[in-house]
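Worksheet for the structure shown next.
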Amino acid sequence: MAEWIMGLIGVLLCLFEGYCIQSFFGRFAVPKLCRIRNAGWATGIAWIVIRAFSEGLYSDTDSVSLIMELLFTFCTLFVFCVCWYQGNVLLKIFLAVQFISLRELSFWTGYSLIYIGNEMIEALAHKAGIGMASAEYLPVAAGILSCFVIALVGAARCALLFVSTRKIAGSYCSKQRGRMGKEVAFYLLPSVAGTLVSVLVRLLLITVTDGTPVLLYEKYPALYLIIPMTALVLLGAVVFSFRIYQDMAVLQEERAEKIVLENQITQMQSSIVEMEHLYDGIRSVKHDMKNHMAVLQNLIQKRYSGEDEEIRQYFEGMRQSVEQIDSRVHTGNAVSDAVVGSKFRYAAKKVKGIRLDASKFMLTDAVTIKAYDMGIILNNGLDNAVEACMQMREKQPDAETYITIRSFRAKNMYFIEIENSFDGSALSRGDSGLPISTKKDKEVHGIGLKNIRKCAVKYGGDLDCIVEGNKFTLSVMVKS
């Protein structure tokens, strides 16, 4: 009976290992026949077949047979990875070595729990020796205790294997799933070390003393503590070294992205300076051209006294062309002119009949906000206002929508206010302010407001949102 129970425990243990291996491999690579339903479970089934075949092939308990079984298991698992999963060879070597190492270290960590079972059986035998009446029940009790210990060891192995595979799979954050490069050598160092320690323990597990095989644990009882501690430390090294390298890879990617962004910002700042110079030049040329054309038009009128209408119309067309050179938004700054003008044109295209006003928005030389930060404030603030007007127009097609941007100074603070308001006969209370209908909208607007606040705080200010009826005002304060 006890043999049947131990066999059942072994089958359940193998099934659980199959589950762990299919979930672990599936995180790193995709099955080649991924369109087949439940294709990932083929890995678990293959593991059960591999274990059954290896245990049948190497049924002896000597050290050499155990090592040969380990090598056979690794080779067949690697071949299965090559045949079943997509990706390069380095990834498949990593998967096979990593799982074998985790399995072996989990085994040796839990194996020392057999010491508890041995002590319990010895205590039971000692008690049976004292009371001869209970001696006949000793084999049954010993069998039950053996099954309990095997189940305890298996539960410990399963728990450690499950946690370690989940930790490593959860730490994997590569964008190229199914591929690994030279970094696999770093990943495998702790795993190979753990596997070699397992091989060493297997070689020394059984020694011969006076012609009698003796377990190493019986000869050196301290190994019941030393071996599991060593295995546990190596298991932690395998798991955390992989996680640390993944964190380093993410940090390296973030640093690379930061360098790219810094270069882009530097280029943008250079372009902004050039735009400001070009803007000043265009305004200067426009001013001079208007004066020259006005003088020429007066001279022509005096000379020809309206006799040549074609010349007059020609100069009138030139005057209108010069007027169109300048944008209709004049804030005193090239960047803010471009941003506000662009957002106003976008709003006019998206919201028919919207009323836009930037006549009270001026940036003087006393305002020390950098062009890049001003662009963030205006872009995010106007995006939110336009989005609110678009949503309001969808809910109330007859509603009048307004966007107003203005600036003013109060004491030592400079204020930029972006206001969007609505005027309609059927506006409900829930439609006032900034209507946001979905979770995605909230996240987008929230990110925009956080960016605005960061810019304001950088200049010793802050951000405030004011809702009054059907009017929403975004007020940004900075020190002037």
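The chain is numbered in sequence order, starting from 1. Any value given below was found using the heavy atoms of this structure, including those in side chains, with hydrogens, waters and symmetry copies removed.
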Could you grab the distance from atom [atom1] of [X] to atom [atom2] of [Y], nearest 0.5 Å is fine?
X: R345; Y: L356; atom1: CZ; atom2: CG; result: 11.5 Å
X: L70; Y: T195; atom1: CG; atom2: OG1; result: 7.0 Å
X: K343; Y: L382; atom1: NZ; atom2: CG; result: 7.5 Å
X: S171; Y: I244; atom1: OG; atom2: CD1; result: 10.0 Å
X: T109; Y: L234; atom1: OG1; atom2: CG; result: 8.5 Å
X: M390; Y: E394; atom1: CE; atom2: CD; result: 6.5 Å

Minimum heavy-atom separation for [X] to [Y], with atom names?
X: C20; Y: F162; result: SG-CA, 4.0 Å
X: I21; Y: L77; result: CD1-CD1, 3.4 Å
X: A456; Y: V476; result: CB-CG1, 4.0 Å
X: S101; Y: S191; result: OG-O, 3.0 Å
X: Q86; Y: A29; result: O-CB, 3.5 Å
X: N88; Y: M180; result: ND2-O, 2.6 Å

Using side-chain heavy atoms (C-beta onward) and a distance below 4.5 Å, is [X] in contact with [Y]?
X: V238; Y: L105; result: yes
X: K92; Y: F78; result: yes
X: Y111; Y: Y224; result: no
X: R393; Y: T401; result: yes
X: S241; Y: Y187; result: no
X: S421; Y: F472; result: no
X: R179; Y: L91; result: no
X: L188; Y: I93; result: yes

For the side chain of [X] and the backbone of [Y], is there at least one donor-acceptor N/O pair under 3.5 Å apart?
X: R27; Y: G170; value: no
X: N420; Y: A388; value: no
X: R243; Y: K167; value: no
X: E253; Y: L251; value: no

Derivation and outcome, side chain to side chain contact (heavy atoms under 4.5 Å, CB included), residues D357 and I403: CA-CA 6 Å; D357 183 14; I403 294 180; over 6 Å; no

Donor + acceptor pair across side chains of D373, Y459 (<3.5 Å):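 Y459 and D373 do have a side-chain donor-acceptor pair below 3.5 Å.
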
Cut-off 3.5 Å, side chains only: do S407 and Y414 have a donor facing an acceptor?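 Per modelled atom types, S407 and Y414 side chains form a pair under 3.5 Å.
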
Can you tell me if CZ on F240 sees more than 12 non-hydrogen neighbours from other groups inside 6.0 Å?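 Not more than 12 within 6.0 Å, no.
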
Begin with the C-alpha distance, continue with both residues' side-chain angles, and end with the deciding distance and a verdict on side chain to side chain contact (heavy atoms under 4.5 Å, CB included) for M362 and R406. CA-CA 7 Å; M362 291 295 297; R406 56 181 172 266; over 6 Å; no

Tell me, please, which residues at least two apart from R157 pass side-chain contact (heavy atoms from CB on, under 4.5 Å).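 L13, E17, R103, F107, V153.
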
Partners of I405 by side-chain contact (heavy atoms from CB on, under 4.5 Å), sequence neighbours excluded?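 Result, side-chain contact (heavy atoms from CB on, under 4.5 Å) vs I405: V340, F344, A358, F361, L378, I418.
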
Worked check of side chain to side chain contact (heavy atoms under 4.5 Å, CB included) between C465 and L474: CA-CA 5 Å; C465 298; L474 175 66; 3.9 Å; yes

Picking from L160, V163, T230, what satisfies side chain to side chain contact (heavy atoms under 4.5 Å, CB included) with L235?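 Of the listed options, the one satisfying the test is L160.
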
For the side chain to side chain contact (heavy atoms under 4.5 Å, CB included) test, which of I416, V339, N379, V478 pairs with M374?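 Looking at I416, V339, N379, V478, the match for M374 under the side chain to side chain contact (heavy atoms under 4.5 Å, CB included) is I416.
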
Describe, in one word, how the ring planes of [X] and [Y] are oriented to each other, choosing from parallel (under 30°), tilted (30 to 60°) and perpendicular (over 60°).
X: Y172; Y: F28; result: tilted
X: F16; Y: Y19; result: tilted
X: F25; Y: F99; result: perpendicular

Is there a side chain to side chain contact (heavy atoms under 4.5 Å, CB included) between I168 and Q98 once you walk through the steps? CA-CA 10 Å; I168 292 178; Q98 197 83 331; 3.5 Å; yes

